[in-house]
Structure formats: C-alpha cells, structure tokens
Amino acid sequence: MMEASPSTDPPATTDPPPTTEPPSGDVENLPENIKDAKEAGPAFHCDICDAELLFKITQALLPGLATACVDNTTGGVFRSPGSVAADIRKELVEYLTQRTETYVAESVVEEGGPEMEVFDNPYDIIAFLIDEFAVSKRNLFSRVSALLLSERREDSIDDFAQQMEINGFWPVDRREAIVQTLLKNVDVKNEYHCNMKFETAEELSLHVPTCSFRVMTCENEGCDARFSANKVEKHDSVCPFKIIPCEQKCPAFLIRREMDRHCITVCPMKLVNCPFFSVGCKTGVPSCKIEEHQSQELHYHILYILQGMYKDAPDEVLKERVDQIEEKAAGRLANAKTVRSLTSKVKDVDAKLPPLVIETKKEAETSETEAKPESTEVSGTNGNTENAAGTKEVVNSESAPPSSKDSEEAPEATTENSSRVRKNETNED
C-alpha cells in the first residue's frame, strides 16, 4: 500500500470579504517591552496607579485606535477598519510604549523649541501621542478628503469604536495593564502611581491594603465612582450623590445633585421679593419669613404708600404722618398683607386726619424772597426813625428851657459879670 506523499503546494486561501467589524475575541500579544524587566534589587513593585486617571486614559485608547483604522482604510476597496484593527492595535501599543519611554527626555532637551509641545499631566502626554500615531496612519485619500468628509469621518470613527467595545475586541482590563506601564513611564514625579518596591511578595501583599493609590469605590448610594484612597476627600466634596444639609439653612437634607433645584423651587428659605416690592420695599426675604417681615416693616410699608400719595411731601412730614396713622389704626393695618389692601386702609385712616399741609420748594423759596425786601424796608424805616429821633433830640436839646440847677447857676453868673463890669468902669475913672 503506497503512502501519499506530502504535498508541497500551499493551502488555498480566500480573502475574507471586507467588513468594518473587528475580529471578535481577538487575543492580543503584549509586546515584551511593556513588561517590567527584572532589575537588580527589589523584585516586587507596587503597580497601583491613580484610579481616575487610569480609567480616563484607558477610555482614550479605543477612540484613538478607531481613528487610526478608519483613516488608514478610507477610500480602500478591499480593506476595512476591521481587517486592519489587530495589526494597528499592536503598532499603537509599541509606538506608545517607545514614545513614553523617551518623551520625558525629549521634552527636557527640546523644551522651548518651536515644534515641541510639552505637557505636565500624564493624560495630556498620552493623548497627544495617541493623536500623533493616528495622524501617522492616514493614507493619501484620507489626507485629501479630511476636510470635505469631516462629519462623515467622525461618524465612522464613533461607530467603529462602539463596535469594538461591544465585540470585546480590546477588553478594559488589558487596556488598563498597558496604561499602567505608559503612566509610570511619563509620571516621573510619582504623583499618579505608587513607586514602592519590596523584596518579597509577602511584603508587597501587606502594602497593597494600605497603599495610598489603592482603588476605592464611593459609599454613597447611587454613586459608582472609583478613585484612589488619597482622593477620598476630593471626591467626597463633589460627589453628586452625597447627602448634605440645605445650603440655604433650611432643615432639609438631600443629595448634592438635587440641591440647586431644591433651593430655587421648594426650599422655605429661598429668597423672594417682599409683597410691597412694587411700592418701594426692595428687601429680599426668605419665603417662610414673609409675615414676620411684613409685621416688622409695617412702618416703612406705610411710608412707601404715603410717598406715592403725596409725591411732593418731604420725608420728615410723611414720617410724622405715619406715626399719626399707626397711632390711629395700627391693629387694622397689621392685617393688610397686600399692597392693595394696605393702600385702601391707609387712605381711609388718612382721610380722617387733619389735612396734610405740604409746602413745596417753590413756595418756600417764594416766601423767603418776599420776606427779604420787607425786612429791608423795616430796617430802613427803623433807621430813619432813629435819625429823626436823634435830630429831634438834638433840636429839643437846643431849645429846651434850662433846668432848675441851670437857673440857679445863671443868676450867679450874671451877678458876677455885673460886678466885673462895675469894677472896670471904676478903674477907668
């Protein structure tokens, strides 16, 4: 019986029809250079990274891969994004690993250069490198038609990324393992990953439960956020599901994401306009304290109404009127809760009081102007009277009869003069 000789012809192969779907359940081969090489010294490393940043970068890998696949096959007849997804994924991992290992050194050397973009946050660095890789995979047709087919291109990228997510083409745990290595490569300041090293596995296992980067989940009901232990307080301060007291100091407790709606709708402490806002009271009042405000500010509400009734009256006059009205009917006015009702009652009480005498500015100025000439006239008359009196007094002093004392002195002076005359005459003889 003759044995069939092995055939040297290659097995017949048929090309799969073009499809945009990635191969389901495709197993990726991790490049050796993303695995930790053994180093001299401690062999056990803590690989825990910042949970939020790790998740954020992990989510950026799939859209980046979809962009590279779509741009690389745009315009192709026999090639589709799904047919090149596995190869481009491998190239992407190798490219990111190599570039993150040298990015920090390159940024230090070329810092300040015209074409070098330098980032501090690991997410910005890795996102930049993903975009750089996607641009390098564009074919000629995609470069030419990028502007003309921009909207259609974005739709194709989103659809293909969603297909890969649904088919499990690149599971999250595998992407996270890659991102951990990339993150450690660019996080030279050790701000987003733990760099602790240990001699034995037992030491590492004791460290993990207390590591500041260990992953934690939010304890608030309804929140599924994951974050590192050192970010607990930060998340707690912004968690939308945390129950907190009302910001406006009402007795209610509610979750943070419902706070704004509560404060502007049903909160009893929300500020509202005073019912007498239209007549002049501009005070913002908590809705639960409207009645208290109306009772305390009744005096001013009456004043605002009187200001509308007597627009030319000075405030001093109106304040006196308010005191009279409150003295007359304070109890009746306190029950008036609206502008209309209080205005009606104020008018009724005001009508029973003596008429309000209002002296306008023009009338006051006119009366002052008229008073000035009169006072001048009076002062002039008084002056003339004084002058006349003085003249009169002067006149009377010249023609007035001598007093008794003067009468007695006058005969003495006459006698003395007569004796002198006689003496002179004797001497002459």
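Only a predicted model underlies this, so the values are computations on that prediction, with no experimental measurement involved.
- In terms of heavy atoms, N273 sits closest to I290 at O-CD1, 4.3 Å.
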- [ ] Would you sort out whether R175 and E165 count as a salt bridge (charged side-chain N to carboxylate O under 4.0 Å, His left out), showing the intermediate values?
- [x] CA-CA 12 Å; R175 278 182 280 158; E165 187 74 43; 3.6 Å; yes
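- In terms of modelled atom types and a separation under 3.5 Å, the side chain of D50 and the main chain of E52 share a donor-acceptor contact.
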Open item on the list: What verdict does the ring-ring contact (aromatic ring centres under 6.0 Å, His included) test give for H293 and H301, after you've listed the backbone C-alpha separation in whole Å, the side-chain angles of each residue and the deciding distance to 0.1 Å?
Closed with: CA-CA 10 Å; H293 168 77; H301 294 165; 5.5 Å; yes
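- Residues E326 and H299 bring a donor and an acceptor atom of their side chains to less than 3.5 Å of each other.
- Ring centroids of H193 and F213 are separated by 6.0 Å or more, keeping the two rings apart.
- Judged purely by atom type and a 3.5 angstrom limit, T100 has no side-chain atom pairing as donor or acceptor with the backbone of V186.
- Salt-bridge formation is not detected for the pair E291/K337: no Lys NZ or Arg NE/NH1/NH2 atom is positioned less than 4.0 Å from an Asp or Glu carboxylate oxygen.
- The shortest distance between side-chain heavy atoms of C246 and M269 does not fall below 4.5 Å.
- The closest donor-acceptor contact from the side chain of S228 to the backbone of K231 lies at 3.5 Å or more, if one exists at all.
- Side chain of N72 to main chain of K137: a donor-acceptor pair is present (N/O by atom type, distance under 3.5 Å, no hydrogens or angles).
- For the pair R89 (side chain) and L62 (backbone), a donor-acceptor distance under 3.5 Å is absent.
- Using cut-offs of 30° and 60° on the angle between ring planes, the pair F133 and Y95 is tilted.
- Of the charged side-chain nitrogens involved, at least one lies within less than 4.0 Å of a carboxylate oxygen, so that D47 and K184 count as a salt-bridged pair.
- Paired with V339 under the rule side-chain contact (heavy atoms from CB on, under 4.5 Å), one option of S278, C274, S344 passes, and it is S278.
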